[in-house]
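Okay, structure first, notes after.
This one's a predicted model, so the numbers in the text were calculated from it and none came from an experiment.
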Amino acid sequence: MIVLTALVLLLLALFGAPLFAIIAASALLAFSREEIDLSAVAIEFFSLAEMPVLIAIPLFTFAGYLLSESGAPRRLVRVTSALFGWMPGGLAVVAVAACAFFTAFTGASGVTIIALGAILYPALREAAYDDRFNLGLVTSAGSLGLLFAPSLPLILYGVVAQIPVDDLFRAGVAPGMLMLVMLATYCIVVNRERRQPLSSFSWREVGAALREAVWELPLPIVVLGGIYSGYFAVSEAAAVTALYVLFIDVVVLREVSLRRLPGIMRESMLLVGGIMVILGVSLASTNIMIDAGVPQQLLGFISGFVSDQTTFLLLMLLFLLLLGAILDIFSALVLVVPLMLPVAASFDVDPVHLGMVFLATMQLGYLTPPVGLNLFIAGYRFDKPIVDVYLSTLPFFAILLVSVVIIAFWPELSLWLLRPS
Amino acid sequence: MIRRLGHAVAWIEDAALVLVLLALIGLATTEIVLRNVFDTGLVWAPELTRLMVLWLALLGAVVASRSDRHIRIDVLARLLPPRGRLVVTLLVDVFTIGVLALLCFHSARFVLDAYEFEDTLLEALPAWWFQIILPIGFGLMVLHQLVLAFARLMALAGRPIAIERGE
């Protein structure tokens, strides 16, 4: 009977039922099986209002959407060009760095490809880079930066795993840099024939680019500096960011008119609502699964044929790759992490390290069919068939996969900033 | 008439969303200024901001329902021919409406309980003032899902209609 309902729910999900409805249905079914009053689902959902870190999610998302509607993406590209444009294959490196930075701020929701890709893709083509390379680069860089503060998935992992978000922000720096540097190196190597740099380095251009971006400059300093130094709590940094971005884009620079503001707010809150409603109902379904001892059964099942940490990590990587191919990062996070944490703990995997592996692998899910979000957005945005987009990302996918394996089997990379000893 | 009603509902939802978001930004930053500059704080502010986040979550989900843009995996539906896809989507709609109606009903019971037991939040305010967003939110989501299903039914019958999505 349970198997049958699970199959029906799976089929409904594959035919396009909203994920929150699937999760809510399974929670309702589980509660009624245990003869618990169904209003418990509402009580669990209401506990969304008991998680202080969640405040950061709507605020950062709104700030990110607003930034992407302003001239900030163009200015960001100009600053990065001034800094990195002198390297061979410079423009490609610019693209990687700018995308990573922007994604961290906009929470990996596909906004990067739309806001930055629209500038970088034509620029790369004009600089006579190979078209397939450009498409692959812009598509795969669109989710780079997921491991840097203040990205939405990092915050959400902290909420779900009940780990201080500051720890995750610190932990993400080195693995995030690894992914970034590996991708940038690949870009340089592929374009080594292209000795002609984008421009020669000029302090004057750096100064001009920085001056143009003078209003945005405090943002990374306040947010990253504030969070990493511990001066601001994450939710405080989010509030300051939202107010500041609202102020500069609407009042100072006037790049976003008041009339467009409600639309931008609605778009950003649509994403927030979509994620949080899944989080709310999965609080209910997770609790009943934990009460029913699902993690222990899972552990018993896995330890039947896995005994050491290495095998466990390898198996987990494979599982997460498959998961990332069918689920988006947010749903996967709230559904799987609570069940995975106790199992990982018994194999001595640090929850912070698990988070890095989880998010880095899920980042690859943006590039794998059938539901790779970046593939669809890039295909739509640049008017290319999905298959072409997919093929163009393969070399980048391979590089990122290698970096994920390194992150998984080198825990110190994620943990060394946490334990300064 | 019905079109204007749909328009009004969408307008009210959007207005509520904008107001709550602006209030959240305002309250959260005021709290920071008070704490860092004046070394004081509003006792009720942290709890109120958390409640606002819950409201944003539900209002955002309502807008996602209205625009038919909830997070989903529709791999199989993509493979079907247009008409078959419409039929399957209608069946899925029925399921979604059922789940949402249950969520609405049981969260209404939850709020009613809080009302009868005179639960309070924020020192002394009735808790149901804040919890009421649950049945309202899920109720509005039922409404939008019904409208979507109706539009698909009409499309299936060869008489497509335009619906308010407020975009």
Side-chain angles (χ1 to χ4, degrees), chain A residues 11-22 24-25 28 37-43 45-46 48-52 54-55 57-59 62 232 235-236 238-240 242-243 246 261-263 265-266 268-281 326-328 330-331 370-371, chain B residues 14-15 17-18 21-22 24-29 31-32 46-47 49-54 56-65 67 69-78 85 88-89 91-92 95-96 98-100 102-103 105-111 113 130-131 134-135 137 166-167:
Chain A
L11 208 62
L12 279 163
L14 292 178
F15 275 115
L19 280 172
F20 83 85
I22 301 284
L28 288 167
D37 189 324
L38 291 184
S39 65
V41 176
I43 297 172
F45 196 97
F46 190 72
L48 278 183
E50 280 146 25
M51 304 177 172
L54 281 186
I55 297 169
I57 293 181
L59 294 175
F62 167 61
F232 275 134
S235 54
E236 292 179 326
V240 173
L243 185 69
L246 191 62
L261 204 54
M265 289 183 162
R266 187 182 55 216
S268 58
M269 289 309 111
L270 189 153
L271 175 75
V272 170
I275 296 170
M276 301 249 293
V277 78
I278 290 180
L279 178 63
V281 291
I326 51 164
L327 270 188
D328 70 283
F330 301 112
S331 321
V371 288
Chain B
D14 288 352
L17 195 63
V18 167
L21 180 58
L22 285 175
L24 175 65
I25 297 174
L27 183 59
T29 44
E31 174 74 359
I32 296 172
E47 192 178 357
T49 50
R50 293 202 304 270
L51 287 164
M52 285 173 168
V53 172
L54 177 81
L56 279 180
L58 277 149
L59 291 169
V62 167
V63 175
S65 278
S67 320
R69 279 167 57 194
H70 271 287
I71 298 177
R72 67 183 85 226
I73 329 173
D74 52 350
V75 271
L76 289 188
R78 282 174 211 272
R85 194 169 164 173
V88 167
T89 313
L91 290 176
V92 167
F95 163 78
T96 310
V99 174
L100 280 169
L102 278 174
L103 288 174
F105 175 71
H106 289 291
S107 52
R109 284 183 45 233
F110 161 64
V111 175
D113 276 355
F130 304 95
Q131 299 168 340
L134 265 83
E167 276 165 13

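In terms of non-hydrogen atom pairs under 4.5 Å with chain A, the most contact-rich of B/Thr29, B/Thr49, B/Thr89 is B/Thr29. Of the listed residues (B/Ala57, B/Ser107, B/Ala28, B/Gly26), the greatest number of heavy-atom pairs within a distance under 4.5 Å of chain A belongs to B/Ala57. Contacts with chain B were tallied for A/Leu11, A/Leu48, A/Leu38; A/Leu38 has the most, counting heavy-atom pairs under 4.5 Å. Taking B/Leu27, B/Ile73, B/Ile25, B/Leu58 one by one and counting their heavy-atom pairs under 4.5 Å with chain A, the maximum is reached by B/Ile73.
Contact check for A/Pro262 versus B/Asp14: no side-chain heavy atoms found under the 4.5 Å cut-off. Using a 4.5 Å heavy-atom cutoff, the side chains of B/Leu17 and A/Arg266 are in contact. Taking the side chain as every heavy atom from C-beta outward, A/Phe20 and B/Val99 never approach each other to under 4.5 Å. Annotation: side chain of A/Val41 is not in contact with side chain of B/Phe110 (no heavy-atom distance under 4.5 Å).
What you find for A/Pro58 and B/Leu56 is that their closest heavy atoms are CB-CD1, 3.8 Å. Annotation for A/Glu50 and B/Arg50: closest pair CA-NE, 3.8 Å, computed over non-hydrogen atoms. Closest of all the heavy-atom pairs between A/Ala49 and B/Leu51 is CB-CD2, 3.9 Å. The two atoms that bring B/Phe95 and A/Ala25 nearest to each other are CZ-CB, 3.8 Å, heavy atoms only.
A search for side-chain hydrogen bond (donor to acceptor under 3.5 Å, both in side chains) contacts involving A/Glu236 returns B/Arg35, not counting sequence neighbours.
Interface remark: A/Leu261 contributes no atoms to any contact with chain B (heavy atom separation under 4.5 Å). Residue contact with chain A, scored on non-hydrogen atoms closer than 4.5 Å, involves the backbone and the side chain of B/Ile71 alike. If you measure heavy-atom distances from A/Leu59 to chain B, the contacts under 4.5 Å come from the side chain alone. With a 4.5 Å cut-off on non-hydrogen atoms, B/His106 touches chain A through its backbone and its side chain both. Using a 4.5 Å cut-off between heavy atoms, A/Ile43 touches chain B through backbone and side chain atoms alike. Both the backbone and the side chain of B/Val18 come within contact range of chain A, each with at least one heavy atom under 4.5 Å from a heavy atom of that chain. Proximity to chain B (any heavy atom under 4.5 Å) is shown, for A/Ile22, by both the backbone and the side chain.
B/Arg72 contributes a side-chain N or O that, together with a main-chain N or O of A/Gly16, makes up a donor-acceptor pair within less than 3.5 Å.
Note: A/Ser235 OG to B/Leu24 CG = 10.0 Å, rounded to the nearest 0.5 Å. Atoms CG and CZ, on B/Leu22 and A/Phe62 in that order, are 7.0 Å from each other to the nearest 0.5 Å.
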Report task. Using the side chain to side chain contact (heavy atoms under 4.5 Å, CB included) rule, take B/Leu103 and A/Phe45 through it: C-alpha gap first, then chi angles, then the decisive distance, then the call. Result -> CA-CA 10 Å; B/Leu103 288 174; A/Phe45 196 97; over 6 Å; no
Per-pair distances, 0.1 Å, donor-acceptor, side chain in residues 268-280 of chain A, under 3.5 Å, sequence neighbours excluded:
{"residue": "A/Ser268", "atom": "OG", "partner": "A/Ile264", "partner atom": "O", "Å": "3.1"}
{"residue": "A/Ser268", "atom": "OG", "partner": "A/Met265", "partner atom": "O", "Å": "2.9"}

